[in-house]
J.: 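Just passing along the structure, written as structure tokens.
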Amino acid sequence: MPELPEVETTRRYLAAHLPGARVAAVALHDPRVLERPDPATFAAQLAGATITEVRRRGKYLILDLAPAPPPAPAAAGPAPATRHLVVHRRMTGNLFLREPGAPPDAHTVAVLSLADGRELRLCDLRRLARLWLADAAELAALDRALGPEPLTPAFTPERLAASLTRRRARLKALLLDQRLVAGLGNIYADEALFAASLHPARLAHTLTAEDIARLHTAIRTVLEQGIHNEGTSFRDYRGAVGQPGRNQLLVAVFRRTGQPCPRCGTPIVKTRVGGRGTHYCPQCQR
DNA sequence: CATTACCTGCAA
DNA sequence: TTGCAGGTAATG
């Protein structure tokens, strides 16, 4: 569910409210949410840690943790390592930061209780969301596995071209591949293809330099618009205080099957590309 | 390359 | 009752 704009919207709120907070305890309501380490180690490494920063890489949210200070007469061993709590919300996961005494949220799968009484809750109807604790090496591996951040200078038309020109796959399937660009999902892929006037089933190697330049701009434009509107909420996405986004009111093609194309009025068509529902204007997108 | 499994709820 | 849903890893 949450793509880059939804994760970024959540990140901005959490980054303004979490740094400095100390983790008092962690509860796993559904142990399947935890990838690693085992629940006991996970709880032990989180307890007492202080959240220092909230970052995002693609669709992953990363909480940097400073370890708990050692007990008073601490032996002069190696300092405990900084760790990172990595969260991926997959399809229906939401992260809520709730005030002390807030009523429970449906589908809660994990809770970080903070020392000040607040709770950071991971809630996920479909239970596909995952979280894990990473050390610096694991975080670096995650970083390497992902393509460039589309809203940074690392994402250039040349780099996009390099990952498209030799590929025989259909364009939309490649846009969803996180190794190519980090953060696009089904909504913003469809919207970017519409903004670039490109057919989702177009074979990637047939794109011209002009096509790629338009696509590069379109990817940035739709993601920036999504962030500006605090995400797209068709069904399940909510922000860190439970609020829906507004971008669903502004999409051109996504879930607008049969409705007129905003550019030419032709009814929007829905097909299947790369196993995903895909919406496009058969007139404008070639 | 494409398809399936992982989950649950809801619309068709 | 079936198929589909904003994602990804694991299969053919």
Side-chain angles (χ1 to χ4, degrees), chain A residues 1-10 28-36 56-61 86-95 105-110 122-132 138 141-142 145-147 150 163-164 166-194 200-206 219 222-223 225-227 229-239 244-258 270-280:
Chain A
M1 149 220 256
E3 307 179 30
L4 188 153
E6 290 74 38
V7 181
E8 177 62 17
T9 299
T10 304
L28 298 174
H29 296 216
D30 185 337
R32 289 176 294 186
V33 73
L34 181 64
E35 293 229 315
R36 59 180 180 270
R56 179 189 59 74
R57 178 76 171 95
K59 304 173 191 173
Y60 295 84
L61 191 81
V86 182
V87 185
H88 197 301
R89 293 149 70 182
R90 298 283 181 96
M91 296 286 265
T92 55
N94 277 315
L95 269 178
D105 285 293
H107 314 297
T108 300
V109 292
L122 177 59
C123 304
D124 184 13
L125 183 152
R126 288 175 69 181
R127 299 169 184 264
L128 297 171
R130 290 295 179 266
L131 53 83
W132 68 92
E138 290 173 301
L142 174 65
L146 296 171
S163 44
L164 293 177
R166 292 158 191 262
R167 305 291 297 271
R168 308 195 89 77
R170 287 173 291 185
L171 185 52
K172 174 161 176 190
L174 292 181
L175 291 186
L176 294 175
D177 185 341
Q178 302 297 296
R179 294 170 297 187
L180 213 142
V181 188
L184 281 178
N186 212 30
I187 297 176
Y188 296 96
D190 280 3
E191 293 298 310
L193 288 167
F194 174 79
R202 179 93 171 262
L203 298 185
H205 72 274
T206 68
I219 288 169
V222 300
L223 292 174
Q225 181 196 293
I227 294 171
N229 294 306
E230 299 186 293
T232 307
S233 296
F234 276 105
R235 178 187 232 98
D236 298 302
Y237 167 72
R238 293 295 181 272
R246 303 179 300 276
N247 201 53
Q248 66 280 6
L249 305 172
L250 296 152
V251 294
V253 293
F254 191 81
R255 291 204 192 178
R256 292 195 64 245
T257 311
K270 181 177 180 186
T271 56
R272 208 151 187 83
V273 176
R276 311 295 303 277
T278 297
H279 314 74
Y280 67 99

J.: Would you list the protein and nucleotides 10-12 of chain C atom pairs, both N or O, that sit under 3.5 Å from each other?
T.:
none

J.: Which residues pass the side chain to side chain contact (heavy atoms under 4.5 Å, CB included) test with A:Ala173, sequence neighbours left out?
T.: none
J.: What residues, two or more places apart in sequence or in another chain, satisfy side-chain hydrogen bond (donor to acceptor under 3.5 Å, both in side chains) together with A:Asp177?
T.: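 Applying side-chain hydrogen bond (donor to acceptor under 3.5 Å, both in side chains) to A:Asp177 gives A:Arg179.
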J.: Rounded to the nearest angstrom, tell me the gap between atom CG in A:Leu184 and atom P in C:dG7.
T.: 10 Å
J.: Of all residues at least two apart in sequence or in a different chain, which pass the side chain to side chain contact (heavy atoms under 4.5 Å, CB included) check with A:Thr257?
T.: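 If we apply the side chain to side chain contact (heavy atoms under 4.5 Å, CB included) test to A:Thr257, skipping adjacent residues, the hits are A:Lys270, A:His279.
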J.: Kindly write out the residues that satisfy side chain to side chain contact (heavy atoms under 4.5 Å, CB included) with A:Ala182, not counting sequence neighbours, or none if the list is empty.
T.: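 Once residues adjacent in sequence are excluded, the partners of A:Ala182 under the side chain to side chain contact (heavy atoms under 4.5 Å, CB included) criterion are A:Arg57, A:Leu146, A:Glu149.
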J.: Please determine if a side-chain N or O atom of A:Gln178 lies less than 4.0 Å away from the OP1 or OP2 oxygen of C:dT8.
T.: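 For C:dT8, OP1/OP2 do have a side-chain N/O of A:Gln178 under 4.0 Å.
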J.: Please enumerate all residues that pass ring pair (Phe, Tyr, Trp, His ring centres under 6.0 Å) together with A:His88, with sequence neighbours excluded.
T.: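 Testing A:His88 for ring pair (Phe, Tyr, Trp, His ring centres under 6.0 Å), a comparison that skips the adjacent residues, returns A:Tyr60.
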J.: What does the B/S/- profile of nucleotides 1-11 of chain B look like, 5' to 3', with a 4.0 Å heavy-atom cutoff to protein?
T.: SS---BBBSS-
J.: Under the side-chain hydrogen bond (donor to acceptor under 3.5 Å, both in side chains) test, which residues partner A:Arg246, sequence neighbours left out?
T.: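 Residues passing side-chain hydrogen bond (donor to acceptor under 3.5 Å, both in side chains) with A:Arg246: A:Glu230.
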J.: In chain order, what residues pass the side-chain hydrogen bond (donor to acceptor under 3.5 Å, both in side chains) check against A:Arg255, with sequence neighbours excluded?
T.: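 Applying side-chain hydrogen bond (donor to acceptor under 3.5 Å, both in side chains) to A:Arg255 gives none.
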J.: Going by the rule side-chain hydrogen bond (donor to acceptor under 3.5 Å, both in side chains), which residues pair with A:Gln225 if we only count those two or more places apart in sequence or in a different chain?
T.: A:Asn247
J.: As a check on the pairing definition, encode DNA chain C in dot-bracket form, counting Watson-Crick and G-U wobble pairs whose two distances are under 3.5 Å, and using | for partners outside this strand.
T.: |||||.||||||
J.: Please list, for nucleotides 2-4 of chain C, all pairs of protein and nucleotide N/O atoms separated by less than 3.5 Å.
T.:
none

J.: Assess, by modelled atom type and distance only, whether the side chains of A:Tyr188 and A:Glu6 contain a donor and an acceptor separated by less than 3.5 Å.
T.: yes
